[in-house]
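Note that ligands are numbered from 1 as they come in the structure, with each ligand's atoms numbered from 1 the same way. The figures here come from the full heavy-atom set of this structure, side chains too, leaving out hydrogens, waters and symmetry mates.
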Amino acid sequence: MTATNRDALLARYRVERDKRIRPDGNDQYLEPTGRFADLLEDPYTERVEREPVHDHVTVAFIGAGFAGLATGARLKEAGVESVRLIDGAGDVGGVWYWNRYPGAMCDTAAMIYLPLLEETGHVPSAKYTPAPENHAHARRIATQYGLYEHALFSTRVTHLEWDDAASNWIVRTDRGDEFTAQFVAMGTGPLQRPKLPGIEGIESFAGHTFHTSRWDYAYTGGDPSGAPMTGLADKRVGIIGTGATAVQCIPHLARSAGELYVFQRTPSSIDVRNNHAIDPAWFTDLEPGWQKRWQTNFTILQTGGFTDEDLVQDGWTDISQRIRDRVVAELSKPGAEFTPELMTRAFEDSDDEKMDEIRARVDAIVADAETAEGLKPWYRQLCKRPCFHDEYLQSFNEPGTHLIDTDGQGVERIDETGVWVGGVHYELDCLIYASGFEFRADVTRRSGYDTVGRDGTTLEEAWADGMRTLHGIHVHGFPNLFVVGLTQAGNLISNITHNLTEAGTTIAAVVGHAVSVGAAEVEVTQEAEQRWLSQLDSSTGIFGNLDCTPGYYNNEGQPLTEKDKLNGARYAPGPVAYFEHIDRWRSSGDFEGLEFRP
Ligand code: NDP
């Protein structure tokens with residue numbers, strides 16, 4: 001691309017971004033209260049009354065998604081039998097419990113995404129597996145490792161408090177439970193509270209309405225495996241949002257609804273999916289230890305590293321491969337040197353090429369020229385969550401599917417009978433919110449309870465200026481507590497479960513060691529925590545990139561505070577180095593930085 005062409009492209013990106021910048025940033029969203037309060041409830045499992053629990057467990061894990069399951073499994077392997085999962089949902093599965101919308105599937109290849117494939121022997125049905133299969137895999141892990149035994153479902157923790165005299169945690173819940181746990185781990189997820197767009201009149205709509213994370217099959221008909229939604233055949237359905245969730249459910253809505261109106265503020269980038277079945281014979285022949293090798297290979301390639309082969313071969317690694325090929329080609333020229341400018345040029349050329357292909361794909365698939373124009377994304381690929389789908393763009397060729405492009409402005413107003421955009425009223429029977437989830441909330445809000453550590457300090461107080469941990473897991477002042485997440489650790493967003501399983505393996509090693517040496521308490525020293533903080537990169541990359549079109553990735557285009565940056569920081573040398581570091585750290589048996597006390 002010539003310099004002039006690039007200038008023109010970046011100018012276009014800037015115009016599109018500027019259209020969408022709003023001074024209210026994250027405050028534009030509403031929490032589901034009042035009429036929408038039931039969006040936080042569990043429509044899938046009936047809450048059955050039970051007696052409160054008053055007992056003691058070795059480890060309580062708050063959250064029964066893949067974080068809790070992977071940690072629980074590793075704890076059991078380490079001989080720790082008394083493990084209790086606690087979750088507000090009626091079963092294990094976390095994100096795969098809640099998200100049952102039609103078409104839901106994982107965008108990360110199952111071979112590296114689904115935890116413990118070697119241990120469970122499960123053969124993924126396809127390269128990218130559908131939500132029901134992911135949920136079934138969560139249940140498989142829970143069953144195989146006996147994690148249902150002490151679990152408390154449909155139960156929310158309300159308070160967590162360290163008892164210094166007894167060296168354990170007191171856990172209280174909304175079911176009146178009050179039990180103790182020697183260790184507590186929390187893996188409550190980064191994107192679990194549904195949010196709604198703060199559109200004028202949103203409360204007034206008199207038709208049927210729900211959020212994608214609480215899909216109402218009783219109204220729509222159909223089921224999570226994609227059966228036709230017969231209840232929508234004579235309905236005018238609207239959907240607000242065109243992010244990763246909407247991209248997956250819109251093809252199903254387009255097939256089932258009488259009329260479908262897709263209200264778009266910013267188009268997603270839709271790259272090819274190329275899903276295919278997994279051959280069980282090929283799978284069975286894989287060498288032991290393959291899953292870790294595949295995960296490492298993916299992480300290296302996705303984060304710009306070099307390896308001989310690309311095992312996963314998908315859209316996540318594609319752009320890094322292009323950058324790498326360009327760098328290699330440049331460096332093979334006589335006298336060439338590796339410089340930051342060379343990297344920037346390789347990145348920009350690769351991104352320009354990729355986004356051109358993505359826009360050309362829209363033209364190739366979408367028949368109506370105006371609709372096609374509206375569906376083209378004008379930003380760098382990683383500014384927003386990249387999407388991959390082979391039926392989404394085709395949906396707009398269905399006669400009953402209408403793209404209502406708001407030109408970056410969003411829906412204007414909602415009234416009793418429908419939605420207004422650009423002065424035009426769209427009458428609807430059903431309005432679906434694909435408006436995403438809260439991101440960057442403080443720890444108490446995210447988890448829903450206070451965590452009171454040694455000396456009566458809460459985690460929220462301890463982190464008033466930002467998160468402080470060793471490895472993203474251990475917190476000084478909070479003995480026997482483990483945090484499971486992405487930040488201050490590998491922070492690999494392209495394969496979330498890789499972060500979670502590494503944390504789980506680490507926690508199991510620490511707890512296993514504490515139990516074997518008879519330690520009542522384990523706590524990170526202040527010095528070790530401080531040393532780790534000095535090794536973090538708080539520059540946040542795309543998550544702080546204000547040149548990007550706004551969204552949850554870049555804090556809706558608002559500058560990040562120092563606290564936000566610390567909360568989103570990662571080990572500076574990157575995910576591959578983090579995973580190697582944490583493996584060495586736990587395998588050495590020294591657990592440097594932790595103090596084990598009798
Ligand atoms: P997102 O936050 O990505 O999308 C919300 C959508 O709502 C955006 O398109 C947004 O537009 C739109 N919106 C918000 N306010 C308005 C308004 N006032 N008028 C019109 N539109 C509006 O949520 P998702 O649920 O789609 O995805 C959340 C995350 O969940 C993903 O990024 C991904 O990490 C994860 N996910 C993962 C999947 C997987 O395969 N593993 C599948 C699905 C989701 P705008 O872009 O302009 O802000």
Legend entry - Protein heavy atom at shortest distance from atom 46 (O) of ligand 1: K384 NZ, 2.6 Å
Legend entry - Salt bridge D87-R156, side-chain N to carboxylate O under 4.0 Å: no
Legend entry - Salt-bridge present (K19, D407; N to O < 4.0 Å): yes
Legend entry - Test side chain to side chain donor-acceptor pair (under 3.5 Å) applied to Y101 and H252, R214, Q248, the passing residue: Q248
Legend entry - Structural part of R20 in contact with ligand 1, heavy atom criterion under 4.0 angstrom: neither
Inset, instruction - Please confirm whether F388 comes under 4.0 Å of ligand 1, counting heavy atoms of the residue only. - result: no
Inset, instruction - Answer yes when R273 and D107 have at least one side-chain N-carboxylate O distance shorter than 4.0 Å, and no when they do not. - result: yes
Inset, instruction - For the pair R359 and D356, find out whether any cationic side-chain nitrogen is under 4.0 Å from an anionic carboxylate oxygen. - result: yes
Inset, instruction - Hey, can you tell me if Y97 and H135 have their rings parallel, tilted or perpendicular (30° and 60° cut-offs)? - result: perpendicular
Inset, instruction - Output yes when a protein non-hydrogen atom is found under 4.0 Å of atom 35 (C) of ligand 1, and no otherwise. - result: no
Legend entry - N/O separation below 3.5 Å, M105 to ligand 1: yes
Legend entry - Check ion pair R322-D318 (N to O, under 4.0 angstrom): yes
Legend entry - Sidechain N-carboxylate O distance under 4.0 Å for K195, E31: no
Inset, instruction - Considering the heavy atoms of I199, write down every atom of ligand 1 situated less than 4.0 Å from one of them. - result: 18 (N)
Inset, instruction - Hey, can you tell me if F388 and W316 have their rings parallel, tilted or perpendicular (30° and 60° cut-offs)? - result: tilted
Inset, instruction - Tell me which protein heavy atom sits closest to atom 30 (O) of ligand 1, plus the residue, atom name and distance to 0.1 Å. - result: L191 CD1, 4.0 Å
Legend entry - Plane angle bin for W215 and Y217 - parallel if under 30°, tilted between 30 and 60°, otherwise perpendicular: tilted
Legend entry - Close-contact set for ligand 1 against S435 heavy atoms, below 4.0 Å: 5 (C), 7 (O)
Inset, instruction - Output yes when the distance from some N or O of ligand 1 to some N or O of G410 is under 3.5 Å, and no in every other case. - result: no
Legend entry - Contact with ligand 1 for Q409, non-hydrogen, under 4.0 angstrom: no
Legend entry - Element-labelled atoms of ligand 1 that are located less than 4.0 Å from some non-hydrogen atom of A434: 4 (O), 5 (C), 6 (C), 7 (O)
Legend entry - Heavy-atom side-chain proximity of D405 to T371 below 4.5 angstrom: no
Inset, instruction - Look only at interatomic distance and state if D107 has a nitrogen or oxygen under 3.5 Å from any nitrogen or oxygen of ligand 1. - result: yes
Legend entry - Nearest non-hydrogen protein atom, atom 47 (O) of ligand 1: T266 OG1, 2.6 Å
Inset, instruction - Before signing off on this row, confirm whether Y553 and ligand 1 have an N or O atom pair separated by under 3.5 Å. - result: no
Inset, instruction - Check each heavy atom of A104 against ligand 1 and say whether those closer than 4.0 Å belong to the side chain, the backbone, both or neither. - result: neither
Inset, instruction - Specify the protein heavy atom at minimum distance from atom 20 (C) of ligand 1: its residue, its atom name, and the distance to 0.1 Å. - result: I240 CG2, 3.6 Å
Inset, instruction - List every atom of ligand 1 that sits less than 4.0 Å from any heavy atom of V411, numbering the atoms from 1 in the order shown and giving each element. - result: 19 (N), 20 (C)
Legend entry - Protein residue, atom and distance nearest to atom 11 (O) of ligand 1, heavy-atom basis: R265 NE, 3.7 Å
Legend entry - For M111, the option from L311, V312, I278 that meets side-chain contact (heavy atoms from CB on, under 4.5 Å): I278
Inset, instruction - For atom 39 (C) of ligand 1, grab the closest protein heavy atom and report residue, atom and distance to one decimal in Å. - result: R385 NH2, 3.3 Å
Legend entry - Ligand-residue contact atoms, ligand 1 with G241, heavy atoms, under 4.0 Å: 6 (C), 7 (O), 9 (O), 12 (C)
Inset, instruction - Could you name each residue pair satisfying salt bridge (charged side-chain N to carboxylate O under 4.0 Å, His left out) that touches residues 248-270, not counting sequence neighbours? - result: R255-E391
Inset, instruction - Would you check whether K195 has a nitrogen or oxygen atom less than 3.5 angstrom from a nitrogen or oxygen atom of ligand 1? - result: no
Legend entry - Face-on cation placement of R236 at Y426 ring, 6.0 Å and 45° thresholds: no
Inset, instruction - Give yes if a backbone or side-chain nitrogen or oxygen of A244 is under 3.5 Å from a nitrogen or oxygen of ligand 1, and no if not. - result: yes
Inset, instruction - Starting from atom 9 (O) of ligand 1, locate the nearest protein heavy atom and write down its residue, its atom name and how far away it is, to 0.1 Å. - result: T242 N, 2.9 Å
Inset, instruction - Verify whether the ring centers belonging to H208 and Y219 lie closer than 6.0 Å. - result: yes
Inset, instruction - Output yes when the distance from some N or O of ligand 1 to some N or O of Y552 is under 3.5 Å, and no in every other case. - result: yes
Inset, instruction - Taking the side chain as every heavy atom from C-beta outward, state whether S268 and R385 have any pair of such atoms under 4.5 Å apart. - result: no
Inset, instruction - Would you check whether T245 has a nitrogen or oxygen atom less than 3.5 angstrom from a nitrogen or oxygen atom of ligand 1? - result: yes
Inset, instruction - Check whether any heavy atom of Y29 sits under 4.0 Å from an atom of ligand 1. - result: yes
Inset, instruction - Between G436, P550, P267, flag the one that comes closest to atom 1 (P) of ligand 1 by a heavy atom. - result: G436
Legend entry - Contacting atoms of ligand 1, where contact means under 4.0 angstrom from a heavy atom of Y101: 42 (C), 43 (C)
Legend entry - D271 and R361 ion-paired at < 4.0 Å: no
Legend entry - Residue portion contacting ligand 1 (non-hydrogen atoms closer than 4.0 Å) for Y128: neither
